[in-house]
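To start, the structure under review is shown below, and the notes come after it.
We name chains A, B, ... by the order of the sequence lines, and we start the count at 1 in each one. Keep in mind that the numbers below use all heavy atoms, side chains included, and drop hydrogens, waters and symmetry copies. Here the structure is a predicted model, which is why all the values come from computation and not from measurement.
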Number of protein chains: 2
Amino acid sequence: MDPDISEVARRAGVPASTLRYYEKKGLIASTGRHGLRRQFDPDVYERLALIQLGQAAGFSLDEIAQMFAGGAPQIDHAQLAAKADDLDRTIRRLSAMRDGLRHAANCPAPSHMECPKFRRILKAAASGAFRPRDGSPA
Amino acid sequence: MDPDISEVARRAGVPASTLRYYEKKGLIASTGRHGLRRQFDPDVYERLALIQLGQAAGFSLDEIAQMFAGGAPQIDHAQLAAKADDLDRTIRRLSAMRDGLRHAANCPAPSHMECPKFRRILKAAASGAFRPRDGSPA
DNA sequence: CTGCCACTTGAAGTCAGCTTTAGGTCAAGC
DNA sequence: GCTTGACCTAAAGCTGACTTCAAGTGGCAG
């Protein structure tokens, strides 16, 4: 028997409301109804995993829907490489921040403003060095 | 003469609407008015840099406002260390994603589903390995 | 056959961080 | 003195990814 929405929710760890939302967005499809109730093909689990993976990679649901658009998932290699580069920039930015935070957490200066390193970082922030590029998460 | 809002906007690269929003939130303060028009202390530039830095580090505006709450910026060392750890987790997660994307971008398999590495990553996604922890950006 | 309750729906609400809009004020230049 | 237009306000709107709500439906146990 094909799983119903609560079964999919339980097994995939995704709330039923989210599954309905994904269906409306065209990210997943139900195979039919049993009365009112949706029934899902077990393939939906793979779909959901792809969605979660895509999200983790920083793709929006709309972008993910595009990938699913043509039958079997078509994922453009250039698009993947571009997203990898986005991630790389984000990682570098976050790494710099993390190092700055670690320093500030251990800095012996009485106030952060008296620490030269902090002031240097602050100046970088003022000049926009840490502004996320478009396409970066957060 | 103290700068007015458009001067601050121009020099700090922050829209006037954002400055008003920050003022309402208590993140910055104007020193007075010239007619209706706000006047700002030049200190505001440092404030704005701190705000941008805090945002880049993943703090919410509310958290940043808390830090500003007691006269000179009080930034708790434990809080900084905790945020650094958050960032570290995020960085590791994103690095794994980036590597996965790079592989997929160059993978010779006709479909991603036929690549063992991709399938392995997909399984990890299904098991929630990439779900952002609470406190992580994006 | 009846009642329960898990499911259904569309619409509205949530969150953060802003931006936009509509209508108003007023310092400064002519 | 009059016009201009940059500034002001409160309130509403926006984005993305959902969640919540109120009201309805219907399969199945008893």
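A search for side chain to side chain donor-acceptor pair (under 3.5 Å) contacts involving A:Arg131 returns nothing, not counting sequence neighbours. Listed by chain and residue number, A:His112 satisfy the ring-ring contact (aromatic ring centres under 6.0 Å, His included) test with B:His77 (two or more places apart in sequence, or in another chain). Applying the side chain to side chain donor-acceptor pair (under 3.5 Å) criterion to B:Arg102, with sequence neighbours excluded, gives A:Asp85. For A:Ser6, the side chain to side chain donor-acceptor pair (under 3.5 Å) partners are A:Asp4, not counting sequence neighbours. Partners of B:Arg120 according to the salt bridge (Lys or Arg N to Asp or Glu O under 4.0 Å) rule, which considers only residues two or more places apart in sequence or in another chain, do not exist here. Every salt bridge (Lys or Arg N to Asp or Glu O under 4.0 Å) that B:Glu7 has, sequence neighbours left out, goes to B:Arg10. With sequence neighbours excluded, the residues forming a side chain to side chain donor-acceptor pair (under 3.5 Å) with A:Asp62 are A:Lys25, listed by chain and number.
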Can you check nucleotides 2-9 of chain C for protein contacts, nitrogen or oxygen pairs under 3.5 Å, and list what you find?
unit_1	atom_1	unit_2	atom_2	d
C:dA6	N3	A:Arg37	NH2	2.9
C:dC7	OP1	A:Asp4	OD2	2.9
C:dC7	OP1	A:Ser6	OG	2.4
C:dT8	OP1	A:Arg38	N	2.7
C:dT8	OP1	A:Arg38	NH1	3.0
C:dT8	OP2	A:Arg20	NE	3.2
C:dT8	OP2	A:Arg20	NH2	3.1
C:dT8	O5'	A:Arg38	NH1	3.3
C:dT8	O3'	A:Arg33	NH1	3.3
C:dT9	OP1	A:Arg33	NH2	2.9
C:dT9	OP1	A:Arg38	NH2	3.3
C:dT9	OP2	A:Arg38	NH1	2.9
C:dT9	OP2	A:Arg38	NH2	2.4

Report each atom pair, protein N/O against N/O of nucleotides 15-17 of chain C, whose distance is under 3.5 angstrom.
unit_1	atom_1	unit_2	atom_2	d
C:dG17	OP2	B:Leu61	N	3.4

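Residue pairs meeting the salt bridge (Lys or Arg N to Asp or Glu O under 4.0 Å) criterion with at least one member in residues 31-41 of chain A, sequence neighbours excluded, are A:Glu23-A:Arg38. Sorted by first and then second residue, the salt bridge (Lys or Arg N to Asp or Glu O under 4.0 Å) pairs involving residues 48-61 of chain A (not counting sequence neighbours) form an empty list.
No donor-acceptor pair under 3.5 Å is formed between the side chain of B:Arg98 and the backbone N or O of A:Leu87.
Residue-level contact check: A:Thr18 touches the backbone only, with heavy atoms under 4.0 Å from sugar-phosphate atoms and none from bases.
Atom-to-atom, CG of B:Leu19 to P of D:dC8 comes out at 10 Å; the value is rounded to the nearest Å.
Rounded to 10 degrees, the angle between the two end axes of the helix from C:dC1-D:dG30 to C:dC30-D:dG1 is 20°, with five pairs used at each end.
Note on A:His34: every side-chain N or O is 4.0 Å or more away from OP1 and OP2 of D:dG26.
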